Structures are given as structure tokens and as C-alpha cells.
There are 2 protein chains.
Amino acid sequence: MNDEGKSPGSSARSNRKDARRNQQALLDAAAAVFVASGVDAPVRDIAAKAGVGVATIYRHFPTRADLVVAVYRHQIDACAEAGPTLLAAGPTPYAALGKWADLFVDFLVTKHGLAAAMQGDSTGFETLHALFLDRLLPVCAHLVEAADASGEIRSGIDAYHLMRGIGNLCVGAETDPRYDARHMVALLIAGLRHPT
Amino acid sequence: MNDEGKSPGSSARSNRKDARRNQQALLDAAAAVFVASGVDAPVRDIAAKAGVGVATIYRHFPTRADLVVAVYRHQIDACAEAGPTLLAAGPTPYAALGKWADLFVDFLVTKHGLAAAMQGDSTGFETLHALFLDRLLPVCAHLVEAADASGEIRSGIDAYHLMRGIGNLCVGAETDPRYDARHMVALLIAGLRHPT
DNA sequence: TGTAAAACGGAACGGAGTTCCGTATCGTTG
DNA sequence: CAACGATACGGAACTCCGTTCCGTTTTACA
């Protein structure tokens with residue numbers, strides 16, 4: 001799908017010293033600016049914080065989504081790896097699914113506007129959406145299948161729908177103290193069970 | 001609640017003929033542009049469609065939210081009035097709540113980007129959020145209370161949370177054919193029931 | 001050390017929201 | 001019916017932001 005051969009995301013590192021240094025500076029700056037102003041902070045702010053020109057951002061991270069995933073890659077990976085772990089540890093697959101959802105929610109809620117950005121509304125965030133999905137959808141699907149096989153949830157639940165739903169429920173959670181995304185996600189997960 | 005005395009939304013009409021005519025032209029134009037390009041369509045597009053200058057928009061509708069609520073006022077009212085009707089008609093309060101949620105979802109999903117705009121992410125849409133809430137939150141609260149009193153749902157459900165949750169689940173529903181907001185909302189409603 | 005490729009920085013471009021100001025229109029009054 | 005003051009109008013102008021372009025600098029390698 002992507003022409004990985006030249007993807008400048010974070011895996012294909014240049015052999016030039018300054019390029020590597022700038023890439024790291026950008027990642028650090030972006031991480032700082034994201035927590036301060038959200039993931040849709042102005043490009044110029046990030047460039048200024050990193051002490052580079054704006055073009056350098058586009059050279060290293062062609063789309064904003066590339067930068068976001070590069071910044072949060074570790075946490076996305078951690079979330080992905082927690083799936084099988086929870087499944088092995090939890091009392092039941094359904095319990096593991098619930099705990100995994102909590103992890104995912106915590107991740108989304110603590111990043112300003114990440115949940116909103118993930119829902120490919122208008123800007124070029126479809127890539128972000130896709131990258132999250134590539135990494136996390138299989139994990140979620142695995143959990144759902146296990147819970148399904150154990151007979152704990154009603155059948156016909158689609159992992160994609162569930163991930164979208166959880167992500168959606170986290171939109172705006174950090175800007176509205178009256179809203180508790182975790183609670184809503186818990187209700188959604190409860191709704192997965194067989195109807196009485 | 002609002003200082004209706006000078007509110008330029010739609011109730012305080014000017015005594016000047018051209019002002020009224022332009023306001024109506026703007027409402028018509030906005031309705032057309034919203035369905036064509038979503039509720040975040042460029043201001044200039046709406047102004048052009050209405051045959052007025054951009055400043056005229058700001059004079060009549062200071063914030064975008066004012067324009068949006070003016071355009072959809074009828075449907076918001078219809079949704080609000082459906083609450084008591086469904087409660088009286090439905091077999092149980094919980095069933096009425098489910099049907100009302102479906103109505104709300106249909107309303108949100110068929111308006112491009114309305115659900116996204118309602119979640120006060122960054123732009124000046126807090127007003128939109130507030131106006132929706134003013135009108136619909138009491139209705140939702142009434143339904144929730146009735147369902148609670150009938151013992152059909154677990155207690156501790158907050159109407160505000162429920163409305164936010166439903167609204168959030170509708171974000172992006174019209175741009176992603178793989179995503180079915182109605183289904184997710186149905187699951188959320190199912191999650192309101194007492195745990196087995 | 002010389003050279004070519006790679007990367008850089010900041011100016012420049014275009015699109016969108018918002019404001020400003022000179023002009024036109026409307027309702028009223030003499 | 002004409003003049004006047006207030007109200008509303010239109011579009012240019014300003015700002016902010018994303019994106020691209022191009023002349024210059026840095027780097028790696030021979």
C-alpha cells in the first residue's frame with residue numbers, strides 16, 4: 001500500500017548526520033508542543049521549537065500523521081502488545097477486552113485532540129487513522145474473537161466498529177471535565193454482552 | 001437564559017426590510033451549502049450563494065454556531081418534542097429512550113460534520129454545543145429518569161454523558177461507509193441495562 | 001581538498017476566518 | 001415629497017496557517 005521503500009516516517013534513516021539530528025530534534029519538539037497545544041498545533045511552532053525551518057518538517061514527515069505516529073509509536077506499540085498479555089492474564093477474554101479498552105482510552109484521552117484527529121473528518125488525517133488501525137485493529141480483533149468464542153458477548157461484533165466507537169467516545173474528553181470517556185466506553189463494552 | 005433582547009440568532013428581527021431578506025437568503029444558502037459541503041463550508045461560499053458580502057454573515061450570525069442552529073432549529077425542536085411523545089407511545093421508558101436515540105442519531109448523521117462540530121474541539125463551536133444541550137438535554141434527562149424509575153436501566157446514568165456519548169459515536173459516520181453509528185449507539189443503549 | 005549530492009532555511013504562495021471602512025439603502029420626520 | 005440620520009451592505013484588507021520553491025549550506029566520499 002505505502003511505498004515503504006522510501007517512507008521517511010522513522011524507519012528509513014538517512015546516512016547524513018544533520019538529517020538524523022534534525023529528525024530527533026523534531027520528534028522531541030513535536031512531543032513537547034503536542035502536550036502544550038494539542039496534535040494540531042501549528043507547523044511553525046514545532047519547527048521553531050526544534051530550531052529548524054518548516055520545510056525540514058515536511059522533508060522528514062510529509063504528512064502530519066507521520067509525525068504523530070512517530071511521536072507516539074512507543075505507546076501505540078505498548079497498547080498493541082498489551083492485547084495478548086491481557087488475554088493471557090485476565091480471568092476471561094471479555095475481561096481482557098475491557099481492560100484493553102481502558103488502556104486504549106487512557107492513551108487517547110491523555111493526548112490533546114488525538115481522538116478527534118483520528119476520526120478522519122476533513123484534514124489529511126486518514127493516514128493517521130490507517131496507521132492506528134494497521135497496528136491496533138488486529139489486536140482488537142483478536143480480543144473480540146476470543147470473547148466471542150468464549151460465548152461472553154453477542155456475535156456479530158465487528159472489531160473495526162468497536163475501535164471506531166471507542167475512539168469516538170474519547171473525542172473531546174480532555175477539554176470537558178464534565179465528560180468521562182472511560183465511563184462511556186465501559187457502558188459500550190457492557191453493551192457487547194448478550195441481551196438479557 | 002440568553003440575552004434575547006439583542007440576540008441576532010433568528011428571533012430578534014430587524015425592522016429593516018433588506019436585513020430580513022438577507023437573513024432569510026443566508027439561511028437558505030447555508031442550508032444548501034451545508035448539505036453540499038458540510039457545516040464547516042467556507043464562509044465565502046455561503047455568502048456567495050446568498051448573494052451577499054461576507055460581513056453580512058457576521059452581522060446576522062456572529063459565530064458559525066449561530067448559523068448552524070438557525071438552519072437546523074426546526075429539526076432540533078422536532079427532536080426535542082419527540083421525547084415526550086415517544087415516552088407516551090412506547091411500550092416502556094427504556095424502549096422510548098432507544099427510539100429517541102435513534103432519532104437523534106439520524107439527525108446528526110445526515111448532516112455533514114454536525115456531530116464533529118458539536119464536540120467543542122477547538123473552533124468556536126462551544127456555542128453550538130451549548131445550544132444543542134439547552135434544548136435537548138432536558139428531554140434526554142426526562143427519558144433517562146423515566147427509564148431509571150421503571151427499573152429498566154442501571155442507576156447512575158447521567159443524561160449529559162449519554163448525550164455526549166451518542167453525539168460522539170456519530171462523528172465521521174457519514175464519511176466512512178464501513179462505520180455504522182446506529183449500531184454503536186444501540187450497543188451503548190444496551191449497555192445501560194442492568195448487568196447480568 | 002574538491003566536488004556532487006543531500007539537506008536546509010526562510011521567503012513566497014494560496015486559502016480561509018475576521019475586521020474595517022467608505023458607500024448604499026431604508027425608515028422617519030418636517 | 002424631500003432631506004436626514006441611522007442601519008446595513010459589500011468587498012478589500014489583515015492575519016494566520018499549511019504547503020511549496022529555490023538559492024545556499026552542510027555532509028560524505030573520493
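What you see is a predicted model, and the numbers here were worked out from it, not measured in a lab. The chains referred to below are lettered A, B, ... by the order of the sequence lines, with proteins before strands, and numbering in each begins at 1.
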**OP:** Side-chain contact test, heavy atoms from C-beta onward, threshold under 4.5 Å: evaluate it for A/D158 versus B/D180 and give yes or no.
**Re:** no
Can you check the [X] [atom1] to [N] [atom2] distance for me, whole Å?
X     : N      : atom1 : atom2 : value
A/R44 : D/dG18 : CZ    : P     : 7 Å
A/R59 : D/dT19 : CZ    : P     : 15 Å
A/L67 : D/dG18 : CG    : P     : 12 Å
B/H60 : D/dG10 : NE2   : C1'   : 12 Å
B/N22 : D/dC9  : CG    : C1'   : 8 Å

Subject >> Selection residues 45-55 of chain B - residue pairs positive for side-chain hydrogen bond (donor to acceptor under 3.5 Å, both in side chains), sequence neighbours left out >> reply: none
**OP:** With sequence neighbours excluded, give me every side-chain hydrogen bond (donor to acceptor under 3.5 Å, both in side chains) pair touching residues 83-94 of chain B.
**Re:** B/T92-B/E152
Subject >> Qualifying residues under side chain to side chain contact (heavy atoms under 4.5 Å, CB included), relative to B/A146, sequence neighbours excluded >> reply: B/L87, B/P93
Original post:
Listed by chain and number, what are the side chain to side chain contact (heavy atoms under 4.5 Å, CB included) partners of B/V52, not counting sequence neighbours?
Top reply: B/N22, B/L26, B/A47, B/A50, B/T56
Original post:
In terms of side-chain geometry, is the basic nitrogen of B/R135 or B/D77 positioned less than 4.0 Å from the acidic oxygen of its partner?
Top reply: yes
Subject >> Boundaries of the DNA chain C segment in contact with chain A, non-hydrogen, under 4.0 Å >> reply: C/dA5 to C/dA12
Give me the distances for all protein-to-nucleotides 28-30 of chain D N/O pairs that come in under 3.5 Å?
unit_1: D/dA28; atom_1: OP1; unit_2: A/K17; atom_2: N; d: 3.1

